[in-house]
Amino acid sequence: MISKEPEKVSMKFVTLVSIVSALGGLLFGFDTAVVSGAIGFMQEHFQLNQIQVGWAVSSLIIGCIVGAAFSGVLSDKFGRKRLLITASILFIIGSIGSGLADTFSYYIIARIIGGLGIGITSTLSPLYNAEIAPAKFRGRLVALNQLAVVTGIFLTYFVNLWISNSGDAAWGVTTAWRWMFGVGTIPGVLFLVLLFFVPESPRWLIKQGRPADALPILLRIHGEDLAKKEVIDIKKSFDQESGSIRQLFKPGLRIALIVGVALAVLQQITGINAVMYYAPEIFKATGAGTNSALIQTIFVGLVNFLFTILAIWLIDKVGRKALLLVGTGSMMICLIVIGAAFQTGNTSGPWVLIFILLYVASFAISLGPVVWVIMSEIFPNRIRGKAIAIASMALWAADYVVSQSFPPMLSSIGPGITFWIFAAMSFITFIFTWRVVPETKGKTLEEIELLWTPSGSTPTHKA
Ligand code: BGC
């Protein structure tokens with residue numbers, strides 16, 4: 001099985017495995033974008049009021065918060081692979097259920113079930129990728145997950161448009177939205193089937209006391225010498241950790257927890273999903289018509305996609321920290337300009353669109369992929385599952401707060417001040433990254449653990 005060119009063989013294997021688990025990201029992206037196309041039709045079909053519209057959008061996120069919360073404990077107990085399989089089944093049930101829903105409550109229940117699946121995959125796909133990837137390419141492979149998320153968003157914008165153009169308005173109200181949700185079954189089934197072909201995470205197997213099962217997988221990834229060393233390093237890291245959640249609150253590891261949770265929350269409160277979920281509304285507020293708002297939204301998806309590719313190319317070269325600093329700094333500038341345009345009423349030219357695209361590009365090279373990468377690599381082996389679940393739960397909860405409060409903020413304090421608040425949050429993210437976030441590029445997961453132990457370097461001066 002071990003060839004003369006272990007590097008080549010291993011990369012093929014690891015890439016394949018990572019692509020499969022990144023498909024989970026595609027489902028995440030699909031669900032982020034699908035409701036924006038369906039909501040207008042559903043509003044008419046179910047005669048929804050404003051509060052129900054909000055609920056139609058955010059019910060999924062409630063499922064995500066719960067799914068993320070349980071993903072750690074359950075995947076530590078039953079394994080990463082089994083839980084990913086469960087998540088794909090929940091997702092399929094959610095897609096079929098929301099497509100077939102004959103009452104609004106039935107729809108909500110189906111979306112929450114689908115959300116449980118998304119909460120689990122959003123946490124486990126990057127975690128699984130990080131646990132299987134060689135250190136040298138880990139950033140890139142985990143960031144593949146984010147590429148899958150943005151691909152899912154972008155494709156879904158088109159699929160929505162295509163479905164809604166396939167019939168007249170009456171067909172839209174009765175049927176089109178059902179197809180929009182139902183189409184999710186296809187990537188869901190694909191994900192489920194492919195999951196049967198990937199191995200369990202070697203780190204999880206060693207944690208279960210099954211190094212003999214882990215070794216052949218590590219051999220395929222690293223080649224013979226390195227694989228044996230990895231088994232020893234991983235075992236050693238387990239011996240040094242208690243695995244209790246309390247460990248996370250002790251001085252050294254507390255910083256890791258603060259970094260993970262703070263970055264998760266900051267990723268959301270700097271406003272990305274205000275743009276992702278409400279882009280057409282923002283463009284309409286600048287005076288654009290419905291059609292032009294839709295086309296501008298497709299540009300947002302495209303820019304997000306292209307700049308995520310750039311991030312994947314750069315992340316293991318320039319490191320996580322440089323990307324975060326450049327990206328959040330430039331997000332802040334864009335948000336200040338967008339806020340000023342709204343505040344002074346100068347929204348008629350192309351400037352709002354240009355700066356929103358620049359803002360999305362800046363997010364896509366920084367907070368978008370890098371936060372998920374860092375979350376999946378800064379926690380020690382034994383408690384990684386639980387710790388990343390806490391951070392991911394915080395991320396979804398922050399997403400819920402932003403997506404619920406954005407419309408009322410627009411109508412109370414106005415778009416100008418709202419974007420300036422996001423700018424202030426970007427400034428805080430910049431400072432936080434600069435002062436607290438460590439660079440993890442090129443280190444093995446076991447070396448990263450040493451950053452948090454008293455004998456290792458502290459993150460502030462190692463950064
Ligand atoms: C975030 C999502 C967001 C997406 C946009 C992800 O990293 O977690 O909330 O919708 O990026 O590209």
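The shown structure was predicted, so the numbers you read here are calculated from the model rather than taken from an experiment. Each ligand, and each atom within it, is numbered from 1 in the order the structure gives. We number each residue from 1, following the sequence as shown.
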With heavy atoms of [X] as the reference, note each atom of ligand 1 found under 4.0 Å away.
X	answer
Val150	12 (O)
Gln267	1 (C), 6 (C), 7 (O), 8 (O)
Trp372	6 (C), 7 (O), 8 (O)
Gly368	7 (O)
Asn304	5 (C), 12 (O)

Say you draw a straight line from [atom1] of [X] to [atom2] of [Y]; how long is it, rounded to the nearest 0.5 Å?
X	Y	atom1	atom2	result
Gln52	Gln43	CD	CD	9.5 Å
Thr270	Leu367	OG1	CG	5.0 Å
Met180	Thr156	CE	OG1	10.5 Å

**Prompt:** Distance-only, no hydrogens or angles: does the Asp316 side chain make a donor-acceptor pair with backbone N or O of Gly139 under 3.5 Å?
**Reply:** yes
**Item:** Pairs touching residues 348-383 that satisfy ring pair (Phe, Tyr, Trp, His ring centres under 6.0 Å), sequence neighbours left out
**Value:** none
**Prompt:** Do the rings of Phe104 and Phe46 sit parallel, tilted or perpendicular, given the 30° and 60° boundaries?
**Reply:** tilted
**Request:** Tell me which protein heavy atom sits closest to atom 3 (C) of ligand 1, plus the residue, atom name and distance to 0.1 Å.
**Result:** Asn273 OD1, 3.4 Å
**Fill in**
min-distance protein heavy atom vs atom 11 (O) of ligand 1 -> Gln146 NE2, 3.0 Å
**Complete:** Any heavy atom of Val371 under 4.0 Å from ligand 1? The part involved is neither
